[in-house]
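To start, the structure itself, in structure tokens.
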Amino acid sequence: MNDSNQDNLFAHPLGVVPDFVFDQAVVDVFPDMIKRSVPGYETILAHCGELASRYVQADSHCYDLGCSLGASTVAMRSRIEGRNAKIIAVDNSSAMLDKCATVLASVPSAVNTDLVNQDICDTVINNASMVVMNFTLQFVPMAQRVPLLKKIYAGLNPGGCLVISEKLYFEPPSLNTLLGDLHHQFKRAQGYSDLEISQKRDSIENVLIPETLDAHIQRLRACGFQSASPWFQCFNFCSLVAIK
Ligand code: GEK
């Protein structure tokens, strides 16, 4: 772990850049990494709290799929006390979950919260009034995305909501390049060097598979959601809300 928990994982030439994994080294710098890499991250978290206050039903379940260090769980918990709702926070990185337990313990809440070390494709979803996938679906293999969304739809109560935040791909490729460049400019302004930006891009290339906004909306509708719309976008990062 570095002293400041600042993300410098890609600051030095790596030669062959390995595929990105959510290991202990990433966990140690994760809050700094996601805040300086994802434009709008804090706005998205705050509004997950706002959406939770509107959508989480009494005696229901709330899921944070790909919870990492529990930032979305913390945001939701702060807005749903007194409803006897339970949060199920799931991640398949044990390094993430171990640290997540420490983070959650440091922000006490009366909301019952289960931490589950599991592939979200295997998670049973039931009696759900809110499901959040903040920057997680993009890491799920393409073939598993429809079954996962169908399962979420089936496990949501009527009137329940799904929040999906993702990096997007744009067409035509020139537009994708423009929005990617604007994102890289954002990262430069956050203090990342060109070397860090390019090595991180190489590391994530085969791991994070972005889709177009149209593909997301059409798939959500095809999986049964009554309505689906982006509620936030900054450059090539977007958050969608879908209602059952
Ligand atoms: C936040 N939501 O701070 N099953 C379970 N977990 C998975 C899977 C899977 N199939 N695939 C990836 N993950 C968080 C940020 S980070 C986003 C989410 C990012 C987990 C992975 O271990 C990691 O913790 C998380 O999804 C993605 O609001 O780093 O860009």
Side-chain angles (χ1 to χ4, degrees), residues 5 7 9-10 19-49 51-52 62-78 87-104 107 113-125 130-149 151-152 162-168 183 186-187 190 192 197 200-201 203-211 232 234-240:
N5 298 128
D7 171 23
L9 296 180
F10 296 95
D19 276 352
F20 192 84
V21 285
F22 292 97
D23 59 10
Q24 190 63 50
V26 168
V27 168
D28 290 341
V29 298
F30 189 74
D32 179 67
M33 171 185 278
I34 196 158
K35 192 170 139 199
R36 291 200 290 136
S37 303
V38 176
Y41 177 66
E42 283 163 330
T43 301
I44 289 169
L45 287 181
H47 287 82
C48 282
L51 289 165
C62 232
Y63 293 83
D64 179 1
L65 302 180
C67 62
S68 297
L69 302 186
S72 309
T73 290
V74 168
M76 289 190 285
R77 284 202 317 191
S78 68
I87 300 194
I88 297 117
V90 184
D91 207 289
N92 64 355
S93 158
S94 42
M96 280 290 185
L97 274 191
D98 287 350
K99 177 83 177 284
C100 182
T102 310
V103 171
L104 293 185
V107 190
T113 306
D114 284 354
L115 285 186
V116 183
N117 187 343
Q118 189 177 52
D119 189 315
I120 59 173
C121 297
D122 298 328
T123 303
V124 174
I125 310 281
M130 183 162 177
V131 178
V132 173
M133 277 194 285
N134 276 338
F135 306 105
T136 305
L137 186 62
Q138 59 198 13
F139 295 109
V140 172
M142 286 298 295
Q144 292 177 33
R145 293 184 189 184
V146 166
L148 172 60
L149 290 168
K151 175 180 75 175
I152 291 170
L162 166 64
V163 175
I164 300 182
S165 305
E166 290 275 292
K167 187 174 189 180
L168 294 178
H183 174 228
F186 167 86
K187 290 188 72 168
Q190 300 297 314
Y192 283 115
I197 292 170
K200 173 75 179 283
R201 188 187 49 213
S203 165
I204 213 96
E205 193 175 17
N206 299 319
V207 179
L208 187 167
I209 310 296
E211 297 175 86
F232 175 89
C234 184
F235 312 136
N236 45 359
F237 288 81
C238 176
S239 187
L240 297 113

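One-based numbering, in listed order, for ligands and for the atoms of each. In what follows, residues are counted from 1 in the order of the sequence shown.
- Partners of Q138 under the side chain to side chain donor-acceptor pair (under 3.5 Å) rule, at least two apart in sequence or in another chain, do not exist in this structure.
- Counting protein heavy atoms only, atom 22 (O) of ligand 1 is closest to D91 OD1, 2.6 Å.
- Of the N or O atoms in V140, none lie within a sub-3.5 Å distance of an N or O in ligand 1.
- Counting protein heavy atoms only, atom 28 (O) of ligand 1 is closest to S72 OG, 3.0 Å.
- Residues R36 and D7 share a closest heavy-atom pair of NH2-O, 3.1 Å.
- Atom 17 (C) of ligand 1 has F135 O, 3.1 Å as its closest protein atom, hydrogens excluded (heavy atom only).
- Protein heavy atom closest to atom 7 (C) of ligand 1, with residue, atom name and distance, is N92 OD1, 3.2 Å.
- In M33, neither the side chain nor the backbone holds a heavy atom less than 4.0 Å from any atom of ligand 1.
- Between Y41 and ligand 1, at least one N/O pair is under 3.5 Å apart.
- Evaluated by nearest non-hydrogen atom to atom 18 (C) of ligand 1, the leading choice among S68, S94, P31 is S68.
- Of all the heavy atoms of F22, the ones lying under 4.0 Å from any atom of ligand 1 belong exclusively to the side chain.
- The N/O atoms of G66, backbone and side chain alike, include one that comes under 3.5 Å of an N/O atom in ligand 1.
- Heavy-atom contacts of M96 reach the following atoms of ligand 1: 24 (O) (cutoff under 4.0 Å).
- Scanning all protein heavy atoms for the shortest distance to atom 10 (N) of ligand 1 gives D119 OD1, 3.1 Å.
- Protein heavy atom at the shortest distance from atom 19 (C) of ligand 1 is F139 CE1, 3.7 Å.
- Residue K167 places no heavy atom under 4.0 Å from ligand 1.
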